[in-house]
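What follows is a short report on a single structure.
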Amino acid sequence: MKERIDSIPINDAMANAGECPLCFIEKKVEDNALDYVLGSGSSYMEYDTREMTDKAGFCRAHFKKMYDYGNTLGNAWILSTHYDTIIREMTNEFNDFTPGKGKPALSFGKKKGASDNSIVNWINGRNKSCFICENVEQSFADYIKVFFGMYKKDKEFRDKVAKSQGFCLSHFGVLCEAADEHLNEEGLKSFYSEMLPLMLDNMKRIKDDVAWLIEKYDYRNKDADWKNSKDANQRAMQKLKGGYHHMPPHQGKK
């Protein structure tokens, strides 16, 4: 099937799949978002970008990645105007707050996760909002649509998926949910008949690699071949939860 622009990242992910091609895509999307926010294009200096980052803010994990990115001045500009937004919202929240005001006698009907304290609700809402998370989620969802478009129409791509090392458990859950939306009944039967054995076989492969890593620490095996066990722990962690925790942080080009 002729390659389209939107299929290039998917094929690139399959070529560099490792334990999960969707981890590869997610990492690329996140790196691109960091480049957009803090990279040489200086998006952080543009009013519309800063307006969005001021409003959404960033989660703890992405603040750490932004710090690791290395753009001290860019981070300072983003933090400066974001603090203006936070202080303005905080002032309004504090001015409107009365301890115990409106506290209901019963919790029936209260929205799940909501507190009786308006300050707590404001802080919780702030903690759930992240400009980079929102961009990654949207871009990743778009790639999932492309993935299934290719899966339905491109036999060569389906063969690549079937011969891969599967997916991390987290992203396999994403695929299963999306499959119900994008595939018909016949397509679902075919998808699961291929994917379930693929996932189970590769989970067992990882388990065997970890088991051999343990055996290698037995003095009787000190001269034995490591096989595929040297990075077994890293790959086992990725297979369960996704991500590339053993990789260095994505940094801006000097």
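Each residue takes its place number in the sequence, starting with 1. Basis for what follows: all heavy atoms, side chains included, without hydrogens, waters or symmetry-related copies.
- Note on Val174: it clusters hydrophobically with Leu196, by side-chain heavy-atom contacts below 4.5 Å among ILVMFWY residues.
- Residues Tyr143 and Val161 share a single hydrophobic cluster, defined by chaining ILVMFWY side chains whose heavy atoms lie under 4.5 Å apart.
- The side-chain hydrogen bond (donor to acceptor under 3.5 Å, both in side chains) contacts involving residues 159-188 comprise Glu26-His171, Lys155-Asp159, Gln165-Arg205, where partners must be two or more places apart or lie in separate chains.
- Atoms CE and CG, on Met199 and Leu169 in that order, are 5.5 Å from each other to the nearest 0.5 Å.
- Contacts of His250 classified as ring-ring contact (aromatic ring centres under 6.0 Å, His included), with partners at least two apart in sequence or in another chain: Tyr69.
- In summary, the side chains of Gln238 and His246 do not present any donor paired with an acceptor at a separation below 3.5 Å, with no hydrogens or angles considered.
- Evaluation of the side chain to side chain contact (heavy atoms under 4.5 Å, CB included) rule for Pro249 yields Asp68, Gln251 as partners, not counting sequence neighbours.
- Tyr36 and Thr49 form a side-chain donor-acceptor contact under 3.5 Å, judged by distance and modelled atom types alone.
- Using a 4.0 Å cut-off between charged side-chain N and carboxylate O, Arg158 and Asp154 make no salt bridge.
- By the 4.5 Å heavy-atom criterion applied to side chains, His62 and Val37 are not counted as neighbours.
- Taking a 4.5 Å side-chain heavy-atom cut-off between Ile, Leu, Val, Met, Phe, Trp and Tyr, the cluster of Met203 extends to Leu240.
- Here Trp122 pairs with Glu89 under the side-chain hydrogen bond (donor to acceptor under 3.5 Å, both in side chains) rule; sequence neighbours left out.
- Across every non-hydrogen atom of Gly166 and Lys239, the tightest pair is C-NZ, 3.8 Å.
- Considering every non-hydrogen atom in both Glu194 and Ala162, the closest pair reads OE1-CB, 4.5 Å.
- Rounding to the nearest 0.5 Å places CD1 of Ile25 at 3.5 Å from CD1 of Ile10.
- With sequence neighbours excluded, no residue satisfies side-chain hydrogen bond (donor to acceptor under 3.5 Å, both in side chains) with Asp201.
- Taking Tyr151 as the reference, Phe191 meet the ring-ring contact (aromatic ring centres under 6.0 Å, His included) condition, with sequence neighbours excluded.
- Between the Ser80 side chain and the Trp77 main chain, no donor and acceptor come within less than 3.5 Å of each other.
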From CA spacing to verdict: side chain to side chain contact (heavy atoms under 4.5 Å, CB included), Lys227, Leu213: CA-CA 9 Å; Lys227 301 180 183 178; Leu213 176 61; over 6 Å; no

Working for salt bridge (Lys or Arg N to Asp or Glu O under 4.0 Å), residues Asp31 and Lys27: CA-CA 6 Å; Asp31 289 350; Lys27 176 92 170 48; 2.9 Å; yes

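- Closest of all the heavy-atom pairs between Gly242 and Cys23 is CA-SG, 3.5 Å.
- The distance from atom CZ of Arg235 to atom SG of Cys168, rounded to the nearest 0.5 Å, is 14.0 Å.
- A donor-acceptor contact closer than 3.5 angstrom is absent between the side chains of Asn92 and Asp96.
- When atom types are taken as modelled, the side chain of Asn228 and the backbone of Asp209 share no donor-acceptor pair closer than 3.5 angstrom.
- Across Asp54 and Arg126, no two heavy atoms sit closer than the pair O-NH2, 3.6 Å.
- Rounded to the nearest 0.5 angstrom, Leu198 CG and Ser193 OG are separated by 11.0 Å.
- From Ile132, atom CD1 reaches atom NZ of Lys65 across 8.5 Å, with rounding to the nearest 0.5 Å.
- Judged by distance alone, the side chain of Asp12 and the main-chain N or O of Ile8 form no donor-acceptor pair under 3.5 Å.
- No chain of hydrophobic side-chain contacts below 4.5 Å, direct or via other Ile, Leu, Val, Met, Phe, Trp or Tyr residues, connects Phe58 to Tyr67.
- You'll find the side chain of Thr85 stays beyond 4.5 Å of the side chain of Lys55, heavy atoms only.
- Residues Met14 and Phe148 fall within the same hydrophobic cluster, defined by Ile, Leu, Val, Met, Phe, Trp and Tyr side chains chained together at heavy-atom separations under 4.5 Å.
- Note: Asp84 CG to Leu79 CG = 11.0 Å, rounded to the nearest 0.5 Å.
- Taking the ring-ring contact (aromatic ring centres under 6.0 Å, His included) definition, one finds that Phe94 meets it with nothing, sequence neighbours left out.
- Between the side chain of Asn127 and the backbone N or O of Cys59 there is no donor-acceptor pair closer than 3.5 Å.
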As a quick check of understanding, evaluate side chain to side chain contact (heavy atoms under 4.5 Å, CB included) for Asn124 and Val120, giving each step before the final call. CA-CA 6 Å; Asn124 287 343; Val120 173; 3.5 Å; yes

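- Asn121 and Ser115 are not linked by any side-chain donor-acceptor pair at a separation below 3.5 angstrom, with hydrogens and angles left out of the test.
- Heavy atoms only, all atoms of each residue included: Leu175 and Leu22 are closest at CG-CD1, 3.7 Å.
- By the 4.5 Å heavy-atom criterion applied to side chains, Glu93 and Ser118 are counted as neighbours.
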Considering only distance and modelled atom types, tabulate donor-acceptor pairs under 3.5 Å from the side chains of residues 133-140, sequence neighbours left out.
unit_1: Asn135; atom_1: ND2; unit_2: Phe131; atom_2: O; d: 2.7
unit_1: Gln138; atom_1: NE2; unit_2: Asp142; atom_2: OD1; d: 3.1
unit_1: Ser139; atom_1: OG; unit_2: Asn135; atom_2: O; d: 3.1

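- Counting only heavy atoms from C-beta outward, the side chains of Met66 and Leu34 approach each other to under 4.5 Å.
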Between Cys176 and Tyr192, does the side chain to side chain contact (heavy atoms under 4.5 Å, CB included) criterion hold? Intermediate values first, please. CA-CA 9 Å; Cys176 289; Tyr192 283 111; 3.5 Å; yes

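- Identified under the ring-ring contact (aromatic ring centres under 6.0 Å, His included) test for residues 193-233, with sequence neighbours left out: none.
- Take Asp218 and apply the side chain to side chain contact (heavy atoms under 4.5 Å, CB included) test, not counting sequence neighbours, and it matches Arg220, Asn221.
- Residues Leu73 and Phe63 are members of one and the same hydrophobic cluster, defined by side-chain heavy-atom contacts under 4.5 angstrom among Ile, Leu, Val, Met, Phe, Trp and Tyr.
- Looking at every heavy atom in both residues, Lys216 comes nearest to Ala224 through NZ-O, 2.9 Å.
- Considering only residues two or more places apart in sequence or on other chains, Phe147 meets the ring-ring contact (aromatic ring centres under 6.0 Å, His included) condition with Phe157.
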